[in-house]
Each structure stands twice: as structure tokens, then as C-alpha cells.
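Worksheet: one structure, shown below.
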Amino acid sequence: MTAKFTLDELQQAYAAGQIDTVIACQVDMQGRLMGKRFHADYFIKQAVKETHACNYLLATDMDMHTVDGYAATSWQAGYGDYVMKPDLTTLRPLPWLAGTALVLCDVLDHATHEPVAHSPRAMLKKQIARLADLGMQPMMATELEFFLFNQSYAEAHAAGYQHLKLASAYNQDYHILQTSKEESVLRAIRNGLFGAGIPVECSKGEASAGQEEINIQYADALTTADYHSIVKTACKEIAWSQGKAVTFMAKWDYSAAGSSAHIHQSLWSLDGQTALFFDPQAPNGMSTLMRHYLAGLLAHADALTYFLAPWINSYKRFQAGTFAPTKAIWSRDNRTAGYRLCGEHSQALRIECRVGGADLNPYLALAAQIAAGLDGIERQLELEPEFRGDAYAANHVRTIPTTLRAALEKLDHSAMLRAAMGDAVIEHYLHTGQWEQFEYDRRVTNWELWRGFERA
Ligand code: ADP
């Protein structure tokens, strides 16, 4: 099995006894796969058309708590159903789960069958359609980092997530010897994803003990977000199957590096033949279109932050001297910058947004990037001069909001994002962020206990 399935191929695989289970799932606000496992026979005959799930899946927090105050759904409205409509272009075998295939679903209103505006896939599709109206398509990649532990999720949980056993004892950036020791997991991840039709480029050790990166070949933005969601789940499932655990928290430990999800992006003609960011005659090969797009990203960098860093923990990652950025400026091949120019003077010319953590929701993050870039194009924004040097040390340059509270404030006041995504959608996610902030504000952390228990 090396590719995606057509429905016919699924039928054949079922008839041949290779597949007996189909996971039909949507992506929730946290970026998780949520859905049901169907017997293949029932899926092929019935669920392939549509299935249903409680609409609270787009209104709960990480703990599945039913959060009051959403306009879209509530106890008062009875938490009814949404339709989950399988997108058969995403149907694929999952070689790491015995006899199992997976399909991603679009979330539709139960009565009207219209896309649910605040569902992550619909939000990204909307921005892609706006670009398509201008004859362009976004090609993107997300580079996911994570930490690998030599203990199971159950053991980590039982230990209260204390004294966790990292897969290595030292910084393993590009380290072949150390990552050879981790091949039972990483090789299974690369080959499993490849077998699911996800074009893995490589995995590599990263700049902290136990840290890994997985790179998937760039694709159109929706496909990339789909890959991203499946990759995260696959890494967890494969690690779990070997009695190990991985985490995609943006910052799981104060003394370790953070985990990012850098977003590489470029615009292409709809036929995929012309790299619209590339102009061989222009400085650095950057086309005027690219300069406007990047100017849009920078102009809205503060308002975008929520969609790149949606949780309390996300903001712990933004620390100077850690390869996670603190400044929203652009620079050429400079890893201290929030926005880094890559692939200069070539068709591969692209912008890497380094702001997002591995805990972002890819659909929301990519949608927000496109919306900002589009605004730059539509208003023909002038690109500021490139930044040179150590951005961590720079004063008087645009900073990235340092707390969720500050990022929510910027989101709330973004006329651009409200216009691009719709007021109701922005209000929905503001409520999500504000709930996260409220939950955190009233909790007492370990840090406070260690600091104050005796000495306060
Ligand atoms: P680096 O190591 O400098 O971050 P890589 O060469 O590993 O960069 O590429 C990072 C990601 O960028 C890969 O997932 C790759 O597929 C993607 N990429 C390459 N070209 C483009 C492009 N034109 N548009 C968007 N993404 C691209």
C-alpha cells in the first residue's frame, strides 16, 4: 500500500480482506482528528454519503469541557448534530493501524448542508477560494517538531508528567548516531506516512535532547493542513504502539527547546506551472507580488499570532536565543527572524513563517496567513527593508505578542481578519481563547508551589 485510495480501491481492499475499518473524522478547534470508526461494509454502503456528530466538537476545550457562551451551540440549543461529509479525495490506508483506512470530513450544517463557517477546513477553503478568484493558489508546507520519550503515555500520566524519560541525553540536532537509536519509531513514522500517501521528505534530530522534526513535501494549502493533522496523530499512534510517547506541546519544559511548526509558503498559478513569488530580474528574485504578500504578513503579524499560538503554553516558547522568534520582521536566511526568506533566486523562493508552535491548528494558521498576505496584495502594501543581524537583540522592531491575552486583544481589533473570516468566526475563536485564558488564570501551578509554599 503506497498511495491514497479511490472508493473502488477501498472496495477492492475490503473484498480482499485487507481493510475492515474506516475512520471518518473531522478536525476540531484543537487540530485533533475526531470521529468514528466504521465497519468498512457499512462505510461503503452508507456512511460514505454522510455521517453525523455532535456539534459540541467545535465548542469544547482540550478536556472536552462544554464551554458556555458560544453563539453557535450550547446546552440551551440542545447540542445537536453537524453533518460530517467525507471528502473522498482524502481517503487513504493507515498502514500503522491494522486493516484501517481514514477519510477526512467537511463539517456541514445539519439543516442547510452549508459548510459550518467556524469549522477549520471551511475556514481554510474560504481563503483558498479568495486566492483562486485572483488566479492564484497557495503552496505550503509545515515543518513539525516534537519530543520523543522512552516511556508510554500511561507511564507519563501516572508519573504526573514529572521526571519524564527523554529518548536521548543530549542535543541531537542533525545527529545521525542518536537518531539511529530512535529509528524503531521514526522509520515506522516515515514509512507509515509514505504508505498512507503522505510524501515524507525526511526526519531529523532537532536542537534539544529527544527532539525530532518531520518534513513533508509542500503541497496546496488544504492538502498540507490535512497532512499536518494526520501526521500528528500518526506520530502519537506509532509511538504509542511501541510503548513510547511523543508531545507536540509548544514548550513542554522550561529548560528544553520549544517545538515549532514553521510554515513555508509561496503562491503559484492555478495550473501550478508558474511560481508567482519568483522574478529573476528583481532583487533577491522577489516578485512585486511576493513583496506585497510579505508586507501583508508583517502588517498583520500581531493579529495573526493567535492562530499561530492559540494556547497559554504556546507563548512560553517565544524566548530569545532559542531559535523560536520574538520579533515579527523579515530577513534573508536568518533563523532569528519571525519571517525568513528561503530559496532565494530560484523557483523555490518562499517565506518561512517561524512564529507558529507545533500546537497550532494548521487550517486556522494557514487561513490567517493567506488572509494577511491577500490584504497586502489587495492594498499593494510596500515591503519594509530587510532586517539584518540578531533579531533577538534588536530594539524598536515589531515584537510578537508575548501572552495569549495580548494576542486575543489584537485579534479582537483586527478589521482585516474580521472582514476575511467573518465576525461570527472571529467571535467564536475569541471565546475559545478567552476560555483558555480564564481556565489558566484561576489555576495554581507547580511553579507557584515550589516558589511560595514555604517562603511566601
Ligand atoms: P529549511 O531546512 O531551510 O527550513 P527545507 O529545504 O527543509 O528548508 O524545506 C522546508 C519545507 O519547505 C519542505 O517541507 C519543502 O517541501 C517546503 N518547500 C520547498 N519549496 C517550497 C515552495 N516553493 N513553497 C512552499 N514550500 C516549499
Side-chain angles (χ1 to χ4, degrees), residues 124 127-128 131 136-146 172-176 179 186 189-190 193-194 197-207 211-232 234-235 257-280 282 284-287 289-291 293-294 297 308 322-325 330-358 360 362 365-367 369-370 372-373 377:
L124 180 53
Q127 301 310 315
I128 293 171
L131 269 180
M136 300 185 265
Q137 60 168 324
M139 300 300 282
M140 295 192 162
T142 55
E143 300 176 288
L144 266 169
E145 292 173 350
F146 59 93
Q172 59 193 71
D173 205 10
Y174 298 96
H175 216 281
I176 297 302
T179 51
L186 272 297
I189 289 173
R190 290 192 308 274
L193 292 172
F194 190 79
I198 296 182
V200 174
E201 287 184 356
C202 62
S203 64
K204 66 179 274 293
E206 264 297 328
Q211 196 177 23
E212 323 284 345
E213 178 178 280
I214 180 113
N215 280 311
I216 312 295
Q217 203 181 340
Y218 70 99
D220 67 273
L222 184 65
T223 301
T224 283
D226 289 345
Y227 287 163
H228 182 115
S229 316
I230 298 169
V231 168
K232 277 181 85 165
C235 290
S259 288
S260 60
H262 298 158
I263 301 172
H264 289 254
Q265 49 199 305
S266 57
L267 295 183
W268 291 69
S269 57
L270 287 176
D271 62 6
Q273 296 304 305
T274 313
L276 301 175
F277 273 5
F278 181 49
D279 175 356
N284 315 320
M286 292 170 81
S287 69
L289 182 90
M290 180 182 199
R291 296 180 72 83
Y293 184 94
L294 179 51
L297 291 181
L308 297 166
T322 64
F323 287 107
W330 80 277
S331 196
R332 293 161 56 201
D333 197 11
N334 178 340
R335 287 190 166 84
T336 69
Y339 293 82
R340 168 179 170 237
L341 189 71
C342 300
E344 264 183 79
H345 297 295
S346 77
Q347 294 261 348
L349 188 67
R350 59 192 184 272
I351 300 156
E352 177 191 35
C353 168
R354 298 174 59 79
V355 181
L360 58 68
L366 301 194
Q369 297 278 293
I370 295 169
I377 292 170

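Note that ligands are numbered from 1 as they come in the structure, with each ligand's atoms numbered from 1 the same way.
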Contacts table for ligand 1: protein N or O within a distance under 3.5 Å of ligand N or O, distances only.
from: ligand 1; atom 1: 3 (O); to: Arg340; atom 2: NH2; distance (Å): 3.2
from: ligand 1; atom 1: 4 (O); to: Glu143; atom 2: OE2; distance (Å): 3.2
from: ligand 1; atom 1: 8 (O); to: Arg350; atom 2: NH2; distance (Å): 3.4
from: ligand 1; atom 1: 9 (O); to: Arg350; atom 2: NH2; distance (Å): 3.3
from: ligand 1; atom 1: 12 (O); to: His264; atom 2: ND1; distance (Å): 3.4
from: ligand 1; atom 1: 12 (O); to: Arg350; atom 2: NE; distance (Å): 3.4
from: ligand 1; atom 1: 14 (O); to: Ile216; atom 2: O; distance (Å): 2.9
from: ligand 1; atom 1: 16 (O); to: Glu201; atom 2: OE2; distance (Å): 2.7
from: ligand 1; atom 1: 16 (O); to: Tyr218; atom 2: N; distance (Å): 3.0
from: ligand 1; atom 1: 20 (N); to: Arg350; atom 2: NH1; distance (Å): 3.4
from: ligand 1; atom 1: 23 (N); to: Ser266; atom 2: OG; distance (Å): 3.2
from: ligand 1; atom 1: 24 (N); to: Ser266; atom 2: OG; distance (Å): 2.7

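- Judged as a side-chain contact (heavy atoms from CB on, under 4.5 Å), and not counting sequence neighbours, the contacts of Arg291 are Met286, Leu383.
- Under 3.5 Å, the side chains of Glu212 and Gln172 contain a donor-acceptor pair of N or O atoms.
- Within the 4.5 Å cutoff, the side chain of Arg350 has no heavy atoms near those of the Gln265 side chain.
- Here CD1 of Ile216 is found 11.0 Å from CZ of Arg190. Values are rounded to the nearest 0.5 Å.
- Side-chain atoms of Met290 and Leu267, non-hydrogen and from C-beta on, never get closer than 4.5 Å to each other.
- Rounding to the nearest 0.5 Å places OH of Tyr293 at 5.5 Å from CZ of Phe277.
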